[in-house]
Structure formats: C-alpha cells, structure tokens
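So you know, we letter chains A, B, ... as the sequences are listed, proteins then strands, and number each from 1.
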There are 2 protein chains.
Amino acid sequence: MFSKACEYGIKAAIFIATKSYEDKRVSPKEIAEKINSPQAFTAKILQSLVRNDIVSSVKGAYGGFEIQKDRISQVKLAQIVKAIDGDSIYIGCGLGLEKCDENHPCPAHDKFKIVRDELQNMLENTTLEELALNIKSGSAFLKT
Amino acid sequence: MFSKACEYGIKAAIFIATKSYEDKRVSPKEIAEKINSPQAFTAKILQSLVRNDIVSSVKGAYGGFEIQKDRISQVKLAQIVKAIDGDSIYIGCGLGLEKCDENHPCPAHDKFKIVRDELQNMLENTTLEELALNIKSGSAFLKT
DNA sequence: TATAAATAGGATAAATTTATCCGAAATAAA
DNA sequence: TTTATTTCGGATAAATTTATCCTATTTATA
C-alpha cells in the first residue's frame, strides 16, 4: 500500500511524538532501533519530514528530532504520506490511466473511488496524537 | 496501490474478456496496444494469468489468449490481484509489521482495517464481467 | 510433412526503490 | 576556542521491479 520509506516515516513520526511528550529529543539511531528500520535510510526519510515541517530537528550536541507538543495533534497521517509517497495513492487511477475521471473513467473507476475515498478520509482524519497515544498506553506496537 | 504488473494484468484480462464475447482470441501484441503497455512485459504477465487459470492460451497458428465466455462472470478482481501481487495488500500490516493483529496491533491497525476490509470486499465482489461490460458499452476506457 | 504463426520461457538490461558510507556543517558545553 | 556530538547531504551500492531480446516449442493449414 505504502512504500517502505513511507512506513518508516510514519513509524518514526509516531516514535518521535511519544518522546516529545516527555520533552526528549531522539536520534536516528534510537528511532531505527525502536521501529526496526535501517538507520541511515531512516535518517534520509527524517530529513524529508523536516523539510515538510512535520518534525523539527536540532543540530549539534544535545540535538535530535522532536515535534512541538502542541503540534502533535495537528499533524495528520495524510501529511506524512504526501510528503514521502505523494498523493497518487488516493488521487491517481487504480489501473494506472494517466487521465481517469468521471468523464473518462477506467472500467473500475467507481469501484476504486469508494476505497480511495475511504482511504483519503482515514488519512486526513487520523492524527499523530491518536497514534502516539496508542503507543504510550501500551496498546499498540511499533515493531514485532 | 497495485504494481505496474498488476495494473497491466487487470487491464489485459478485461480486454481479453471483451474479445472473448466475440469468440476472438488476442495476441500479446494487440493486448499491449489496446491497454498501452510494454508488449514483452505484458506477455510475461499473461503467462502468470494462464498459470493461475484466469485466462487460457492456445499455442500455435491461430492461437492466442481467451477466456471461456461462461467463466468471465466467475472471475473476481481479487483472483487477478492475488495471482500477480499476492494478497498482502489487504492481508498485511499497513505499517509493515510482520505480525500485526488484534493481539499485537500496529498503532494504526483499526484505522487501516476499515480501509483494507473495504478494499478486500470490493476486489472479491467485482467480476471481470462488470468491468468488461463497461468497456463494451463504451462508458469506460483501457487507455487515455 | 513442411511452413508459418503463435505462446513459453530463459537470459539480460534498465529503472526505481531501498540501503549504506563518509565527510561537511552546526551547536552545546568545557 | 576547542572538542565532542549531532544533523545534513552527496556519492554509491544492493535489491527489486519493470522492460527487452532471443530462441524453443507448439499447432493449424497448405
């Protein structure tokens, strides 16, 4: 459904959020360990989250990644997905037609539309806060 | 959402179905032209559709690909997707956890479940017949 | 039986995604 | 101001997906 990069990005953002509630910054090393991802690759993905203002970074000693506490509830899953994979997953055609809309639909357009709309709706209405709280409460996990 | 191979496979199956209604067999060349896909790659995908009993092939002169008319309404989109991409798209975890279920969920498990179930339901209840009829009636298209 | 027309399938190449490595730049603290 | 620590960013490698090429095999018809 999403690329590996996007999966890592979402999990990284969730982990950073949980730590930010405790006013702690985290390193790519710690993030990669906690979400079970390759460290250097994760660091690259973190950079695109920073460029897209989803997380913020502090360079130098005692630096690391963090999210302002009051922003955690504002960040939507859709923003993270869009920053890493783009929005073709819920905008583009399910059969890959370059142009696919009501006037020139692919044969499965209406069928896909229901699913895509459901996905888009979910991504736009799910906040980092909800997901991070699932981790903090111990009712969900970032790795197996 | 699906791989290129899967998109080509779905479109190829739909095109073969429309021709099979007219008792005509089609070649990879004609298929690739009509669905706007690379011919040799499409031929490979057709082979996996054949191996999975989704379409049938007749070798030699006057051969080609076809689907028995009475099977067109029996083939579900889910079968094609499973044959080419596997079923991880609606079975696997949205965040890539190896093990993700009610007892050990990822933080977005419930959110994803709704979308995945909707997708699975759509794929299992959409037949090749419906899709092919959209093409035959001229109300949908296989390329731009 | 010979021939032409098709699919089948292996080998390989190109493109994209995933992943690693290393040095530059920034920053807090001694 | 020096040092240790940390993110940033470019270069490169590995793996996977997408795509091409060529030959073998099959089969209907002349």
(request) Could you check how far CD1 of B:Ile45 sits from P of C:dT7, rounded to whole Å? (result) 15 Å
(request) Give the rounded distance in Å between these two atoms: CD1 of B:Ile31 and C1' of C:dA8. (result) 14 Å
(request) May I ask you to verify if any side-chain N or O of B:Tyr8 is less than 4.0 angstrom from the OP1 or OP2 atom of D:dA19? (result) yes
(request) Could you say whether B:Gly64 or A:Val58 is positioned toward the 5' end of DNA chain C, judged by the nucleotide with the nearest heavy atom to each? (result) B:Gly64
(request) Apply the side chain to side chain contact (heavy atoms under 4.5 Å, CB included) test between B:Ile72 and each candidate in B:Leu131, B:Thr127, B:Leu128; give the one that qualifies. (result) B:Leu128
(request) Please step through side-chain hydrogen bond (donor to acceptor under 3.5 Å, both in side chains) for the pair A:Asn125 and A:Asn121, ending with a clear verdict. (result) CA-CA 6 Å; A:Asn125 289 291; A:Asn121 185 64; 3.0 Å; yes
(message) Rounded to whole Å, please give me the gap between CD in A:Glu7 and C1' in C:dA19.
(response) 15 Å
(request) Check the distance between D:dA19's P and B:Ile84's CD1 and give it to me in whole angstrom. (result) 13 Å
(request) Working to the nearest 0.5 Å, report the span between CD1 of A:Ile14 and CG of A:Asn134. (result) 8.5 Å
(message) Quick check for you: among C:dA8, D:dT29, D:dC8, whose closest atom lies nearest to any side-chain atom of A:Phe65?
(response) D:dC8
(message) Rounded to whole Å, please give me the gap between CG in B:Asn52 and C1' in C:dA8.
(response) 16 Å
(request) Would you mind reading off the distance between B:Glu30 atom CD and C:dA6 atom C1', rounded to a whole angstrom? (result) 14 Å
(message) Can you tell me which nucleotide in D:dT20, C:dA29, C:dA8 comes closest to the side chain of B:Lys44?
(response) D:dT20
(request) Please test B:Lys69 against B:Asp23 for side chain to side chain contact (heavy atoms under 4.5 Å, CB included), starting from the C-alpha separation and ending with a verdict. (result) CA-CA 8 Å; B:Lys69 261 183 280 192; B:Asp23 296 306; 3.1 Å; yes
(request) Round to a whole Å and report the spacing from CD of B:Gln39 to C1' of D:dT18. (result) 15 Å
(request) Rounded to the nearest angstrom, tell me the gap between atom CG in A:Leu46 and atom P in D:dG9. (result) 13 Å
(request) Among C:dA8, C:dT18, C:dG9, find the nucleotide with the atom closest to the side chain of B:Arg51. (result) C:dG9
(request) Go through C:dA28, D:dA28, D:dT7 for me and flag the one nearest to the B:Ala61 side chain. (result) D:dA28
(message) Within the 4.0 Å heavy-atom criterion, would you say B:Val26 contacts the bases, only the backbone, or no part of the nucleic acid?
(response) sugar-phosphate
(message) With a 4.0 Å limit, can you tell me whether B:Ser27 has a side-chain N or O closer than that to the phosphate oxygens OP1/OP2 of C:dA5?
(response) no
(message) Please classify the nucleic acid contact of B:Phe41 as base, sugar-phosphate, or nothing, using heavy-atom distances under 4.0 Å.
(response) base
(request) May I ask you to decide if the ring planes of A:His104 and B:Phe141 are parallel, tilted or perpendicular, using 30° and 60° as cut-offs? (result) parallel
(message) Would you say B:Gln47 places a side-chain N or O within less than 4.0 Å of OP1 or OP2 belonging to C:dG9?
(response) yes
